[in-house]
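Notes to accompany the following structure.
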Amino acid sequence: MQKIEILIGSPRKRGNTFSLAEMLIQNLDKEKTISDTTYLYDFEIKPCNDCRACKKGKMECVIDDDMKEICQRLENSDIIIIGTPIYWFGPSAKTKLMLDRFRPYFANKKLAGKMASLLLPSGTGKPDCDLTIEMFKRSFEALGIKYIGAVTAKAFDIGEAGKDKNAIASIVELSAQIN
Ligand SMILES: Cc1cc2nc3c(=O)[nH]c(=O)nc-3n(C[C@H](O)[C@H](O)[C@H](O)COP(=O)(O)O)c2cc1C
């Protein structure tokens, strides 16, 4: 069984990021995969303050908040799917808060060997996703995570991601890689 952890970094619970996640889940082989969804906006994620505690000793973060639970979910998974709307050519602030808190993983390499993909809706679609894709690609590389591609969707109002034919085709491709 492949364990898939899907992280939703949109404050709109039934928004386009959610729709892409739902489409992916529908395409996954239920006999080979088990998926779990985490809504980042339901969790308290404090900013990394560069205290550098994670560079010493147990190489763990000392901040007391819900990242502990998110980290458990990530460490228990085989494949990490990060879904975030594009906000100003980047990920949502909540998603970036989580990414910054991946700092201990740079030292302890606990996520190394896992696979990761991205679900990225934006009003403009693919052209506005390039910087976010590049940022995650390089971050995954630094963490030893294998990047398996991104799904971009041209979607502004809720419901539009499900109507983007290119996004649907990318979801089918991504699920074929996972299944
Ligand atoms: C603060 C903010 C910034 C945004 N910046 C961009 C942008 O740079 N490019 C773009 O194409 N869409 C941008 N959008 C539109 C969202 O990416 C789009 O509405 C997306 O579908 C929202 O996903 P959601 O329904 O999962 O929340 C922005 C939206 C907000 C609220």
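Every number for a ligand or one of its atoms is a count from 1 in the order of the listing. Model, not experiment: these values are computed from the prediction.
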Short N-O contact, [X] and [Y], less than 4.0 angstrom:
{"X": "K68", "Y": "D64", "value": "yes"}
{"X": "D42", "Y": "K13", "value": "yes"}
{"X": "K137", "Y": "E141", "value": "no"}

Protein residues that have a heavy atom under 4.0 Å from any atom of ligand 1, sorted by chain and number: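 Within 4.0 Å of ligand 1, the protein residues are S10, R12, G15, N16, T17, P85, I86, Y87, W88, F89, P121, S122, G123, T124, D128, A155, F156.
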Lys NZ or Arg CZ of K94 over Y41 ring: under 6.0 Å, within 45°: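 That pair qualifies as a cation-pi contact.
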Ring-face cation of R103 near F106 (centre distance under 6.0 Å, axis angle within 45°):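 No, cation not above the ring by the 6.0 Å, 45° rule.
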Greater than 12 external heavy atoms within 6.0 Å of K30's NZ: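 Counting other residues, nucleotides and ligands, NZ of K30 exceeds 12 neighbours.
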